[in-house]
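Let me begin by presenting the structure, written as structure tokens, before commenting on it.
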Amino acid sequence: MLIGRKEESKVLLNAVNSDESQFIAVYGRRRVGKTYLIKQTFNETFAFQHTGLAKGNMHEQLAEFQESLRRYGLKKEKKLLSWQEAFHRLEALLESKADTKKIVFIDEMPWLDTPQSNFISALEHFWNGWANMRHDIILVVCGSATSWIVNKIINDYGGLHNRLTNQIHLKPFTLHECEQFCKVKEIPFSRRDIAEAYMVMGGIPYYWSFLNRDRSLSQNIDAMFFKEMAPLKTEYNALYASLFKNSGMHVAIVDVLSTKMSGMTRMDILKNTKLSDNTAFSKTLEELEQSGFIRKYSQFGKKERGSIYQLMDNYSFFYNRYIKSNVNNDECYWSNNIQTRLYTTWVGLAFERLCLQHINQMKQSLGILGVISNAFSWQISATDDHYGAQIDLLIDRGDNVINLCEMKFSGDEFSIDKSCEEIFRRKSSVFRQLTGTKKTLRMTLVTTYGLRINQYSGCVNDVIVLDDLFV
């Protein structure tokens, strides 16, 4: 059963009703459900389907492609020697089929593009010289190596320039979709459980598929990440190695970013990784951003040079902070720490990232989805003239308002005391003083179960609760 993905499925199904041949690229992070989406939407009614071979050389890739051609009805012929020849045989196979619409699905296409294989050139010729001239071909290409899809297919300036008829960037599930998943799988989790599971795994459907309905959340986390044969215990290195040919630099950057929730500047990353400031480093940052592992964002009032890079992949953060640090191989690590400071520290940081991953839901709660707005962070160090302040999220709105967001995880209604009120008011005051903004400032609290009304709660103008993130 396909959960969510309504708009993405609509794009694919609309291609079937088109009067022209269609070329669609589907990309997104490993394990996010790209192949499942395509197979479920088309009910696997492919005229031809092929999956690239991980780490295969050109000859191995061609041999597998030939086997796929045979499986879909092409008679056995002599050994394939080039991609030009492979695509010519694919043309012959498709011409022999009577289907009104012929759906061609090539999965993990980046793996086919081995060094000096001329794969892209052959693909260009197949589409421009044959498929695009017809009205019955739907070519769907897919890959987890997002940077390859973006650079070689979507942003290509050669023969494939502007040839795509559509593209789908398949993103992780939202909290709402994870809740749907739990209902379908009859997993009796509360919304708090779902939120905490999301803080560990993000919205990656493959990871959620390991949840056992007969275990509590902490027991599930132990079984999935900490037991001796836990299925996701060794996922980390495989994750990056499968996406990037030389993943050492990618992993080094992610490892460093996992140490600081609010993120780092380019220079901070270089300093902490000891990597060289060169084109390869820039490309690695770009690839991590394109693949959704990190985000690049600006600080309020600063230009590009002040950009911050922040780790957004929940699993990578959890792995570096906890799985990797389980040096004693405690198989009940999470259950044994659920009442300790380790848990409270984690849940506070992870809740902030959860909110950042659901900014649209926050805007909807505030009633400003239709208002032009941009999200920023802002921080300033203390000096003799002013206090220091850090605002992890502010929403700068086109209606002359700025929401200063404070994200606080709490097991009950959040209670503001005198000290907390002073911090909130000080942040607002320092922000106005040092930015010089004339906009209305609204202190916005994002918390689990709402705000307890007391003598200090008046400093908060808007409250967003966990339920609001599930829409």
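None of these values were measured; they are calculated from a predicted model.
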Mind listing the closest non-hydrogen atom pair of [X] and [Y] along with its distance?
| X | Y | answer |
| --- | --- | --- |
| Pro188 | Arg213 | CD-O, 3.6 Å |
| Cys355 | Met407 | CB-SD, 3.3 Å |
| Leu275 | Leu270 | O-CD2, 3.5 Å |
| Leu349 | Arg321 | CD1-NH1, 3.5 Å |
| Ala195 | Leu175 | CA-CD2, 3.9 Å |
| Arg29 | Ser291 | CB-O, 3.8 Å |

Within the 3.5 Å criterion, strictly below it, is a donor on [X] or [Y] matched to an acceptor on the partner's side chain?
| X | Y | value |
| --- | --- | --- |
| Tyr319 | Asp313 | no |
| Tyr309 | Asp268 | no |
| Gln49 | Thr51 | yes |
| Tyr198 | Gln357 | no |
| Thr165 | Gln22 | yes |

TODO: Evaluate the side-chain contact (heavy atoms from CB on, under 4.5 Å) criterion for residues Leu232 and Tyr206: first the C-alpha distance (whole Å), next the side-chain angles of each, then the deciding distance (0.1 Å), finally the verdict.
DONE: CA-CA 10 Å; Leu232 299 176; Tyr206 176 76; 4.1 Å; yes
For [X], enumerate each residue passing the side chain to side chain contact (heavy atoms under 4.5 Å, CB included) test, keeping only those at least two apart in sequence or located in another chain.
| X | answer |
| --- | --- |
| Asn166 | Val11, Ile24 |
| Ser276 | Asn278 |
| Thr344 | Arg341 |
| Thr41 | Leu2, Ser9, Leu12, Leu13, Leu37 |

Between [X] and [Y], ring centroids under 6.0 Å:
| X | Y | value |
| --- | --- | --- |
| Phe293 | Tyr240 | yes |
| Phe105 | Phe42 | no |
| Phe431 | Trp378 | yes |
| Phe318 | Trp334 | yes |

Task: Stepwise side-chain contact (heavy atoms from CB on, under 4.5 Å) check, Lys296 with Leu285 - done: CA-CA 9 Å; Lys296 178 183 178 182; Leu285 286 175; over 6 Å; no
Task: Ion pair Arg452/Asp412, N-O distance below 4.0 Å - done: yes
- [ ] Hey, could you give me each pair passing side chain to side chain donor-acceptor pair (under 3.5 Å) that has a residue in residues 386-399? Not counting sequence neighbours.
- [x]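 Those involving residues 386-399 are Thr383-His386, Gln390-Asp392, Asp396-Lys439, Arg397-Asp399, Arg397-Asn403.
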Task: Glu177 and Trp208, any side-chain heavy atoms less than 4.5 Å apart - done: no
TODO: Determine, step by step, whether Glu406 and Met443 satisfy the side-chain contact (heavy atoms from CB on, under 4.5 Å) criterion, reporting the C-alpha distance in whole Å, the side-chain angles of both residues, the deciding distance to 0.1 Å, and the verdict.
DONE: CA-CA 8 Å; Glu406 285 289 324; Met443 185 58 66; 3.9 Å; yes
Open item on the list: Would Asn151 and Gln290 count as a side-chain contact (heavy atoms from CB on, under 4.5 Å) here? Give the steps.
Closed with: CA-CA 10 Å; Asn151 296 327; Gln290 288 175 337; 3.8 Å; yes
TODO: Test side chain to side chain donor-acceptor pair (under 3.5 Å) on Ser282 and Arg266 and set out the steps.
DONE: CA-CA 9 Å; Ser282 298; Arg266 179 188 178 96; 2.8 Å; yes
Open item on the list: Please check this pair: side chain of Lys34 against backbone of Gly28, looking for a donor-acceptor N/O pair closer than 3.5 Å.
Closed with: yes
Donor-acceptor list for residues 463-471 side chains, cut-off 3.5 Å, not counting sequence neighbours:
from: Asp467; atom 1: OD1; to: Arg191; atom 2: NH1; distance (Å): 3.2
from: Asp468; atom 1: OD2; to: Ser365; atom 2: OG; distance (Å): 3.3
from: Asp468; atom 1: OD2; to: Val465; atom 2: N; distance (Å): 2.9

Task: Check against ring pair (Phe, Tyr, Trp, His ring centres under 6.0 Å), Phe23 and Trp127 - done: CA-CA 8 Å; Phe23 185 2; Trp127 178 256; 5.0 Å; yes
Open item on the list: Test salt bridge (Lys or Arg N to Asp or Glu O under 4.0 Å) on Arg30 and Glu235; report intermediate values, then the result.
Closed with: CA-CA 11 Å; Arg30 171 179 155 97; Glu235 163 77 359; 3.7 Å; yes
- [ ] Among Thr340, Asn337, Val200, find the one that has a side-chain contact (heavy atoms from CB on, under 4.5 Å) with Trp346.
- [x] Val200
Open item on the list: Check the orientation of Tyr322 and Phe317. Use parallel for under 30°, tilted for 30 to 60°, and perpendicular for over 60°.
Closed with: perpendicular
